[in-house]
Asker: 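First the structure, then my questions, so here it is.
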Amino acid sequence: MGTLRFLFVVKVLFVAGACWADAPGLRRSDVVFMYDNPKMIEPYGCTVVGWAGSSDPKQVEAAHRKGVRLFCSSIGFLTEFSSVIDFSPDFLDAACRNFAGEPFVVPWLWDHKHKGHPAYWWCTNSPLYRKYLESRLEQVMKAPLDGLHIDDYRGASGAVTWLSACFCRHCMEGFRKHLADSVPKEKLAALGIQDLSRFDYRQFLLDRGVKPEEYNRKRTGLPLAAEFLDFQVKANDRYFAEYRRRAEQLRGKPLAFCVNSGVTDPHGLVIAPQLTFFCCEVDHNAASRKVPLHPIYAYKVADGVDRPVASTASGHDWAYVKEHNVPGLVRAWIALSYAFGHHFMAPHRQWCYTQEKGTHWYDGPTEEYAWVYQFVRANARLFDDYQAVAPVAVLYDNAARRKGLGNIEPICAALAERNMPFAIVIAGDDWLDYRLDADRLARFQAVVVAADFEKSPIDEPQKQMIATVKAAGRLVVWPDEAALARLVPPPILVEGAKEVMAVPRLQAKATSAPAVVHLLNRRYDAASDAAIPAENFTLRLRTDLFGGRKPTKATLHAPKTQPVPLAVAADGTTVTLRVPRLELWGILELSE
């Protein structure tokens, strides 16, 4: 079993997620900027710049002097189209080609031009493009950087499933090598492929009557479609690993590495072993005017691969925020991220996008947001080194997700709404280098799987671990909530405020440290752009959540208020508190 798999073994019962310590990384109390903004560092208490366009040594040094301990510059695998055009007169040799054999543009950069050329989608398998990316590394690593961010890291592989790509000559050559190394000769022979030395996958499909206008619709059913995606994904993953090694060689020290990745899909997770943290866009569905549940799923999956997330919302979300002026909704996103142990990047400047307007920008007012982040910084001791409490595990099965099976997001949403603490455990495959750990599974009171788990192509060793859980009577096939309730009596009850979410967290290292429970009020009023305060509600917590600790003291911390002591009533199994008022977010500090 590899080193990464051992990371899943934890010493504290029911505490989910371990800190990634191989490179400088995120602390729970960090305030992360997406872009560098020297004037905003101190008002927000910024400690990390995760996605900076700048690699000016003087600017990096100035940020360090102001308290930024981790400064990451960014290189875009898709978005730096103008620099590629300037880099070489042969720039089209670096462009991806669709099934029609034509270069195509990055869809969300349709409104960008340079020297009369559009924003082409570049191919990370192109030697010319790799030469350009190498030159970018040499440029940025002259600065005293602490890390590197890669935007759109999927490169050519990101275009396979929806943009009919990439069929450039470099990809065709790479695919020939992949077939020779990975696909049995018998399978190739059955498809009429006898000689790979001149094999061209695009021509192979054209000879079978596949037309460019129908390729996307038929793609998944075409011969070698799965192998082609497999080639693109693995080729990109290998290149990213090489790119990281080269960056650290140039910098002469270990670096934090992060990417803009979807986190919640198999392709987005492939890169996790190469990362220190995710620094990415997560859809928050701003138009719903509700506090979303989807980010919780993203944060929990990231916990499963032991990588923190510094998130921002999507370009569509920010366009909605800008148009409708809803900073109160954004503050709920910020609170949600920190309550679940992650980070929402300070919205002092955000990229907006709609199909009608293209790129535009939202400059978040400092007075609307900075005080939330200052609350985090002032209470760092209640964030740093705290991990999720989780008596329940939910199985994320990467092999199943690649087949359109095993969707656990609805399970995670239901558990979060019911205040059932849970962790996601990862069953990996040949894409995702994580595996289930039998000892860790044994620590959970229940393990929940999707209803279609029996159809999963999960490998036999991991399947047997789940079978062992089932034999022990601890497997729950969703949506059998009655079985879950028998195995795990409700550990948290919120009476009198049904939309308050309670998220318990413990320190894994210091058992004498107080327990904390984040209280998040999801009752958002769209008309006033604010949470409707929850008043005089009762919180009941089972003491087995706290690893044997029996809290006798409670203090409620909240932004813009003084700490409030709360009376604690305890019996043998339950701690009961009455909370007089909760606006958006508060943190209960529980001690003995």
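For the numbers below, each heavy atom of this structure counts, side chains included, while hydrogens, waters and symmetry mates do not.
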Asker: Under 3.5 Å, which donor-acceptor pairs do the side chains of residues 584-592 form with other protein atoms, sequence neighbours left out?
Answerer:
from: Trp585; atom 1: NE1; to: His518; atom 2: ND1; distance (Å): 3.2
from: Glu589; atom 1: OE1; to: Arg381; atom 2: NH2; distance (Å): 2.9
from: Glu589; atom 1: OE1; to: His557; atom 2: NE2; distance (Å): 2.8
from: Glu589; atom 1: OE2; to: Arg381; atom 2: NH1; distance (Å): 3.0
from: Glu589; atom 1: OE2; to: Arg381; atom 2: NH2; distance (Å): 3.4
from: Glu592; atom 1: OE2; to: Lys550; atom 2: N; distance (Å): 3.3

Asker: Between Lys300 and Phe422, is there a donor-acceptor pair closer than 3.5 Å when you use the side chain of the first and the backbone of the second?
Answerer: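 The answer is yes, because a donor-acceptor pair under 3.5 Å joins these two groups.
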Asker: Taking only Lys NZ, Arg NE, NH1 and NH2, and the carboxylate oxygens of Asp or Glu, determine whether Arg522 and Glu499 approach each other closer than 4.0 Å.
Answerer: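 Not counted as a salt bridge, because no side-chain N and carboxylate O are separated by less than 4.0 Å.
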Asker: Are Asn260 and Glu281 close enough that a side-chain donor and a side-chain acceptor fall under 3.5 Å?
Answerer: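 Glu281 and Asn260 do have a side-chain donor-acceptor pair below 3.5 Å.
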Asker: Tell me if a side-chain donor or acceptor on Gln274 pairs with a main-chain N or O of Ala241 at a distance below 3.5 Å.
Answerer: no
Asker: Do His149 and Phe277 pass the ring-ring contact (aromatic ring centres under 6.0 Å, His included) test, and can you show the C-alpha distance, the side-chain angles, and the key distance before you say yes or no?
Answerer: CA-CA 10 Å; His149 174 269; Phe277 62 96; 8.4 Å; no
Asker: Using atom types as modelled and distance alone, determine if a side-chain donor or acceptor of Arg542 lies under 3.5 Å from a backbone N or O of Thr573.
Answerer: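 Flag not set: sc Arg542 to bb Thr573 has no pair under 3.5 Å.
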Asker: For the pair Gln462 (side chain) and Gly428 (backbone), establish whether a donor and an acceptor sit closer than 3.5 Å, ignoring hydrogens and angles.
Answerer: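 It does hold such a pair.
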Asker: Mind checking what makes side chain to side chain donor-acceptor pair (under 3.5 Å) contact with Glu460, not counting sequence neighbours?
Answerer: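 Partners of Glu460 by the side chain to side chain donor-acceptor pair (under 3.5 Å) criterion, ordered by chain and then number, come out as Gln464.
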Asker: Is any side-chain heavy atom of Val500 closer than 4.5 Å to one of Leu520?
Answerer: no
Asker: With distance as the sole test, does Asn379 use its side chain to make a donor-acceptor pair with the main-chain N or O of Phe375 at under 3.5 Å?
Answerer: yes
Asker: Under the salt bridge (Lys or Arg N to Asp or Glu O under 4.0 Å) test, which residues partner Arg540, sequence neighbours left out?
Answerer: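 By the salt bridge (Lys or Arg N to Asp or Glu O under 4.0 Å) rule, Arg540 matches Glu495.
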Asker: Could you tell me whether Trp351 and Tyr353 have their ring centroids closer than 6.0 angstrom?
Answerer: yes
Asker: May I have the step-by-step check of salt bridge (charged side-chain N to carboxylate O under 4.0 Å, His left out) for Asp265 and Arg154, ending in yes or no?
Answerer: CA-CA 12 Å; Asp265 66 276; Arg154 302 186 198 197; 3.0 Å; yes
Asker: Do Tyr299 and Ser311 have side-chain N/O donor and acceptor atoms under 3.5 Å apart?
Answerer: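 Their side chains do contain a donor-acceptor pair, which is all the 3.5 Å distance test asks for.
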Asker: With sequence neighbours excluded, what pairs up with His294 under the ring pair (Phe, Tyr, Trp, His ring centres under 6.0 Å) test?
Answerer: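 Per chain and number, His294 pairs via ring pair (Phe, Tyr, Trp, His ring centres under 6.0 Å) with no residue.
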Asker: Using a distance-only test with no angle check, is there a side-chain donor-acceptor pair under 3.5 angstrom linking Asp303 and His342?
Answerer: yes
Asker: Treating Arg331 as the side-chain partner and Ala335 as the backbone partner, does any N or O pair qualify as donor plus acceptor under 3.5 Å?
Answerer: no
Asker: Does Asp385 use its side chain to pair, donor to acceptor, with the backbone of Gln507 at less than 3.5 Å?
Answerer: no
Asker: More than 12 heavy atoms of other residues, nucleotides or ligands under 6.0 Å from CZ of Arg289: yes or no?
Answerer: yes
Asker: For the residue pair Asn407 and Asp452, establish whether any side-chain heavy-atom pair is separated by less than 4.5 Å.
Answerer: no
Asker: Hey, does Arg28 have a side-chain heavy atom less than 4.5 Å from the side chain of Asp384?
Answerer: yes
Asker: Quick one: is the NZ or CZ of Lys290 closer than 6.0 Å to the six-membered ring centre of Tyr524, and within 45° of its axis?
Answerer: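 Negative - Lys290 is either too far from the ring of Tyr524 or too far off its axis.
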Asker: Does a donor on one side chain sit under 3.5 Å from an acceptor on the other, for Tyr434 and Asp306?
Answerer: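 The criterion, which ignores hydrogens and geometry beyond distance, is not satisfied for Asp306 and Tyr434.
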Asker: For Arg219, does the CZ atom have more than 12 heavy-atom neighbours from other residues, nucleotides or ligands under 6.0 Å away?
Answerer: yes
Asker: Keeping Arg549 on the side-chain end and Asp544 on the backbone end, is there a donor-acceptor pair under 3.5 Å?
Answerer: no
Asker: If only side-chain N and O atoms count, and only distance matters, is there a donor-acceptor pair under 3.5 Å linking Gln350 with Thr312?
Answerer: yes
Asker: Output every pair passing side chain to side chain donor-acceptor pair (under 3.5 Å) with a member in residues 419-432, not counting sequence neighbours, ordered by first then second residue.
Answerer: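 Every side chain to side chain donor-acceptor pair (under 3.5 Å) pair that includes a residue of residues 419-432, provided the two are not neighbours, is Asp230-Trp431, Lys234-Asp430, Asn398-Asp429, Arg402-Asp429, Arg402-Asp430.
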Asker: Is it the case that Ser157 and His267 place a side-chain donor and acceptor less than 3.5 Å from each other?
Answerer: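 The criterion, which ignores hydrogens and geometry beyond distance, is satisfied for His267 and Ser157.
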Asker: Can you pull out every salt bridge (Lys or Arg N to Asp or Glu O under 4.0 Å) where at least one residue sits in residues 471-482? Sequence neighbours excluded, please.
Answerer: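 Listed by first then second residue: Arg418-Glu481.
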Asker: Is the backbone N or O of Phe278 less than 3.5 Å from a side-chain atom of Arg307, with the two atoms forming a donor-acceptor pair by type?
Answerer: no
